[in-house]
Structure formats: C-alpha cells, structure tokens
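Note sheet for the following structure.
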Number of protein chains: 2
Amino acid sequence: MRDRLKPAGETRGTDVLQRMRADIISCALKPGAKLRFEGLREMYAVSFSTLREALSRLVAEGLVIAEDQRGFVVAPVSIDDLNDLTYVRVLVERECIALAIKHGNDDWEADIIGAFHRMDRLQSRLGSNYYLSAEWAKLHGDFHFSLVAACGSPNLLEIRQKLFERAHRYRRMSSQFRPQWRDKDVEHKMILDSVIARDAAKAQELIERHIRETTENVIKHAGHLFVAADEERHSRAAHVAAE
Amino acid sequence: MRDRLKPAGETRGTDVLQRMRADIISCALKPGAKLRFEGLREMYAVSFSTLREALSRLVAEGLVIAEDQRGFVVAPVSIDDLNDLTYVRVLVERECIALAIKHGNDDWEADIIGAFHRMDRLQSRLGSNYYLSAEWAKLHGDFHFSLVAACGSPNLLEIRQKLFERAHRYRRMSSQFRPQWRDKDVEHKMILDSVIARDAAKAQELIERHIRETTENVIKHAGHLFVAADEERHSRAAHVAAE
DNA sequence: TGGTTTGATTTTTTCGAAAATCAGCATAGT
DNA sequence: ACTATGCTGATTTTCGAAAAAATCAAACCA
C-alpha cells in the first residue's frame, strides 16, 4: 500500500521527501524528535544517502533542523515560533492577495470558485469532524492557494507555500484537541466574495483576521502541548519509528 | 589552499555547500550551466552522495534548480527573475528595517556603525575598484545585515538572507561590465543616519530606492548577458569545471 | 523525407559497507 | 570529591561501485 505507483519521472528521494513531510505535518514524527537513520531507514525503506537528501531538503523547508555531526531533529514547536510564523504569513498573504486581485483574470476567479466548491462539498459530506480529514486539509490548502495563484510573483508564492505548510502542522496539532472547529466556512466564503468583488483592502483584512484567529485558537487549544514537546526532546528523544 | 582547516564540528557536506554557493554567486559556475556529477566530483573532491546533498540544499536557496532524473542546473538569470526578486526584496527589507528600528537597542546601533566603518575603510583602501573585491562584498553584506539584525523575526531574517544572496549574484555579474560604480557609500551613509535617527519611514524609503536603483543599474550594464546565459543552457550546456 | 525503434553510451540515482565522530562510562590523577 | 583521559558502543557521515534512467545516433520502415 505504501509502494504506490510512482508518478512518471519522480525520484525515490522526492517520494521519501513527500512522505516524510506529510508525516511531520501530521505529527506522526513528533516535534522535537530525534531522527535516527537506522529507524528511518526501516520506516521508509531507503538507504542512508537517499534519506540524508530528503532530510536536507526538509531542513530548507523549516520542518527539520540539522546540527552538523549530530544528526537531524524534527523542528520543535513553540508559541514564539507560531507567533513569528503568523506575523510573516500575514505580511506575505496580504501582499499576495492584493497582487492576485490586481492581476487575476476570469480563469483565476473560476478556479477559486471551483476550489471553494470542492472544499465546501467535502465538508458537508464529512460532517462536523471535517477538519480531521487529510483530504479536506488538501482541499483547504488548494483553496487558499487558488486565492493567490494569480499573484504573479513566483518568489512570493514559493515563500508563501512553505510558510503555509509549517502553519499547517500547528493547525493539525490543535485539531485533535478541539471539540468543535469554529465556522471557518463562513470566513472562507467571505474571503471568496471579497476577492471576486475585487475589493483588495477587504480581502486583505479578512485574510489577516483568518490567519490571526486560527493562531489564537491553536494556542488556546494546543498551547499546552508545545512546552511538553520541547521538554521531550531534552529528556528522552527516543524511538520515533515505533509509534 | 582549498583545504583550509575545517571549523570545529563542520561537516564536509556543509563545506562543499559553502564553496559551491560562493562559486555560483561569483559565476565561476555560470547561470544555466548543467551541473554534471563527474566534473563536480573532481572540482570539489567529494563523493556523489555528499555532492548530491549540497546540491539539494542549494536548490532550497534558489541558486540551483533540480529536475528529477535529469540532474541539476545552476539557476538561470533573467530580467523577469531579477525584477521579481527586487519586488520581494523591497517588501521584505522594508518590513525588516521598520521592525529593527522599533526593537533595536544600543548594541544594535553600535554594530551598525561598526559594520559601516569597516566597509567604508576597506572601500577607501581599495580605491575605485572596491566593488570587485570579494572581501568588500562580504563587509557590504554584513552592513546590510546589521541594519536589520534587531528585527526580531527569525523567519523574516532567514527569508531576507536568501533573497540577498540571490541578488548578490546579479550585482556581481554586472560589476564586471561596469566602468565605475555609483556612489553607493553616500547612500549607505544616508541609510545609516536615518536608522540611527530612528526615522522608520525615511529608512524604508531609502532602502527601497537603494535596492531599486541597484537593479536598474544591473539591467543597464548586464542585462545583455541574461539572454545569452539562457540560450547557452539550451544549446551547449557543457564543461563547467574546465573554466 | 519524416518519424519511430533499437541499442550503446552517458549521466543520474541508489545502495550498504567503511570511516569518522560523538556520547556515555569507567579509570586514573590531583 | 572532582576534573581529566581513554576506552567502548552507538550514530552519523562519507565513499565509490552498482542499478536505473535518460540521451544520442544509427538503422529501419512508411
């Protein structure tokens, strides 16, 4: 089941990278955990070098931290990190969405509406626990990307994407400790409308609030985990693969 | 001469990464050039895996581009890329400097003045061709970093640093085709003064102009190289190590 | 001629063994 | 008792050979 067909021209290292990224975001690999090669080699069924390459790439994405001569560690989570991440995300997303509204054409609008629809439909189908679904998370990511896709700046979009994925790990962490998510779909619809109406200032305002409120919720519901995860790293950073 | 003493705890891969980054920025490895392993292995005297790791990390910095199953290529240069880079840099640097002015303390100010002094002195010593010196480039980078060092956002600083280095390659390219640099030291002094005076709006304005004017100069003096470099990639992307 | 297949060659990617380094523990010296 | 030193086992890092994939060119057919 793990050995699904490789998309044409995809390298094994790239495949491991993606699986590992997913595992870090889903916290199957816990924040702060030591990443020992022997364990990972079994877990992902690849060699040292391939593993090392994937790890190096994850370091660049900020999901893994490397210390020369003493291996790799899953990037720890902390309130400071989350706040900084939020700060930068607000800056970048505001810029992206303003640019997209300026440059976007009809196709761009159509893609947004389509992405929203897909996300909305799956949400209805899944019921109140939609936010635990990996598939919904994917569509949610697609929707947010569609909003800024027409931004026209490859560099800004790339930066945005990396930040989004790091934030995703925090959202994911909190979603497990939260009885009910707030009405995000209402917010999404409002953002959608403001974008289609080409009201840049309003879209910026809404997206900023969307990001900030999510962060507040994460801290409220999962903040207690952060310190624990960090302590774990210092005490017994052990057996990751087993869990 | 190449095998200088390794700083304690530094890994061979990290060492290669740094040498390669320097070579790409200095265009010893030309934009768009195919990076063949056999050649690089001789050039840097390391094994395939180590090389591969360094390359992967450079991909993350945007200095190298990887295509699965068909190797690595030095990131090409183009006017579009430079313009986009400039756009994002203006956004990021403006934010950084405003934050630094807000949060910086006396030590921060002292570091800036020190960094400017070092740069200024070397500049006088080197005379009119200062901008060709690698050492001056280093101090120039240090000065610009010192301006924003107190910004307080690790994420923003990291993004800034990567963008700065990519832009550095463009500056470097143009510097070889330019008879005389403009009076950057005057601009630097003005930025310095506005920062010490804690005039955020002015500092933002000056740094933006500094970046934009540099870009304009690069395009004017080196723009003709960009297309050529790109064509080269398509036609005969050959022997890099030899040159 | 134009386009496709085949096979040899080059280049990239993967592998696991070997070397280097680190962390923990015991021993010796002050 | 306390720091320094040297061992031992665990872990990371490096290596180059072997496997996989792409490229190039000649041969082939329509």
Side-chain angles (χ1 to χ4, degrees), chain A residues 2-20 29 32-60 64-74 233-242, chain B residues 2-3 5-20 29 32-60 64-74 232-242:
Chain A
R2 224 169 205 166
D3 288 1
R4 58 182 178 278
L5 215 46
K6 284 196 296 187
E10 177 158 320
T11 216
R12 195 175 263 262
T14 303
D15 180 51
V16 173
L17 168 72
Q18 286 163 353
R19 274 156 55 197
M20 236 166 147
L29 295 171
K34 186 87 193 7
L35 293 167
R36 287 208 186 66
F37 279 81
E38 205 49 59
L40 295 177
R41 216 164 66 83
E42 278 184 34
M43 196 169 174
Y44 295 101
V46 288
S47 71
F48 293 114
S49 335
T50 306
L51 215 41
R52 182 159 257 275
E53 187 191 326
L55 256 346
S56 295
R57 293 213 242 169
L58 285 168
V59 169
V64 165
I65 288 175
E67 266 179 297
D68 275 358
Q69 311 286 22
R70 65 190 60 174
F72 297 83
V73 166
V74 178
R233 188 167 77 89
H234 292 300
S235 56
R236 43 119 219 150
H239 27 75
V240 180
Chain B
R2 239 195 184 145
D3 287 2
L5 214 46
K6 284 197 295 187
E10 177 158 320
T11 214
R12 195 176 265 260
T14 304
D15 180 51
V16 173
L17 167 72
Q18 285 163 354
R19 275 156 53 196
M20 238 166 142
L29 295 171
K34 186 90 195 3
L35 293 167
R36 287 207 187 67
F37 280 82
E38 206 48 60
L40 295 176
R41 216 165 65 82
E42 277 185 35
M43 196 169 173
Y44 296 101
V46 288
S47 71
F48 292 113
S49 335
T50 307
L51 214 42
R52 182 159 254 276
E53 187 191 326
L55 257 344
S56 295
R57 294 213 241 167
L58 284 168
V59 169
V64 165
I65 288 174
E67 267 180 296
D68 275 359
Q69 312 285 24
R70 67 190 58 173
F72 298 84
V73 166
V74 179
E232 178 185 34
R233 189 167 77 88
H234 292 300
S235 57
R236 43 116 219 154
H239 28 75
V240 179

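Bear in mind that the values here come from a model prediction, so they are computed numbers and not experimental data.
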- Query: Just to confirm, is there a sub-4.0 Å distance from OP1 or OP2 of D:dT11 to any side-chain nitrogen or oxygen of A:R36?
  - Reply: yes
- Query: Does the side chain of A:R41 get closer than 4.0 angstrom to OP1 or OP2 of C:dC15 through an N or O atom?
  - Reply: no
- Message: Taking 4.0 Å as the cut-off, does a side-chain nitrogen or oxygen of B:K34 come that near to OP1 or OP2 on D:dA22?
- Response: no
- Query: Quick one: is C:dC15 close enough that its OP1 or OP2 comes under 4.0 Å of any side-chain N or O from A:T50?
  - Reply: yes
- Note on the structure: One should read off an interatomic distance between B:R57 CZ and B:T14 OG1, to the nearest 0.5 angstrom, of 4.0 Å
- What is the distance, rounded to the nearest whole Å, between atom CG of B:D68 and atom P of C:dT13? 7 Å
- Rounded to whole Å, the CG-P distance (B:L40 to C:dT11) equals 12 Å
- Query: Of all of residues 53-60 of chain B, which get a heavy atom below 4.0 angstrom from DNA chain D, listed by number?
  - Reply: none
- Query: Closer than 4.0 Å, any side-chain N/O of A:S49 to the OP1 or OP2 of C:dT13?
  - Reply: no
- Message: What is the separation between atom CD on B:E10 and atom P on C:dC22, rounded to the nearest whole Å?
- Response: 12 Å
- For A:R12 and C:dT14, give me the distance from atom CZ to atom P, rounded to whole Å. 7 Å
- In whole angstrom, give the distance that lies between atom CD of B:Q69 and atom C1' of D:dA19. 12 Å
- Task: Output all residues satisfying side chain to side chain contact (heavy atoms under 4.5 Å, CB included) with A:S47, sequence neighbours left out; order by chain, then residue number.
- Result: A:S49, A:T50
- Note on the structure: Distance col, row B:L35:CG vs B:L51:CG, nearest 0.5 angstrom, shows 8.5 Å
- Minimum heavy-atom distance between B:Q69 and A:E10, given as atom pair plus value: NE2-O, 3.5 Å
- Note on the structure: What one should report as the nearest heavy-atom pair of B:G32 and B:V73 is O-CG1, 3.5 Å
- Message: In whole Å, I'd like the distance from the CZ atom of B:R70 to the C1' atom of C:dT9.
- Response: 17 Å
- Look only at the side chain of B:R19 and the backbone of B:Y44, and say whether a donor-acceptor pair between them is shorter than 3.5 Å. yes
- Item | Ring geometry between A:F48 and A:F37 (parallel below 30°, tilted from 30 to 60°, perpendicular above 60°) | tilted
- Would you mind reading off the distance between A:F48 atom CZ and D:dA10 atom P, rounded to a whole angstrom? 14 Å
- Should B:S47 be listed as having a side-chain N or O under 4.0 Å from OP1 or OP2 of D:dT14? no
- Between D:dT14 and B:R52, is there an OP1 or OP2 to side-chain N/O distance shorter than 4.0 Å? no
- Item | Gap between atoms CZ and P, on A:F37 and C:dT21 respectively (whole Å) | 16 Å
- With a non-hydrogen cut-off below 4.0 angstrom, is B:F72 in contact with a base, only sugar-phosphate, or nothing? sugar-phosphate
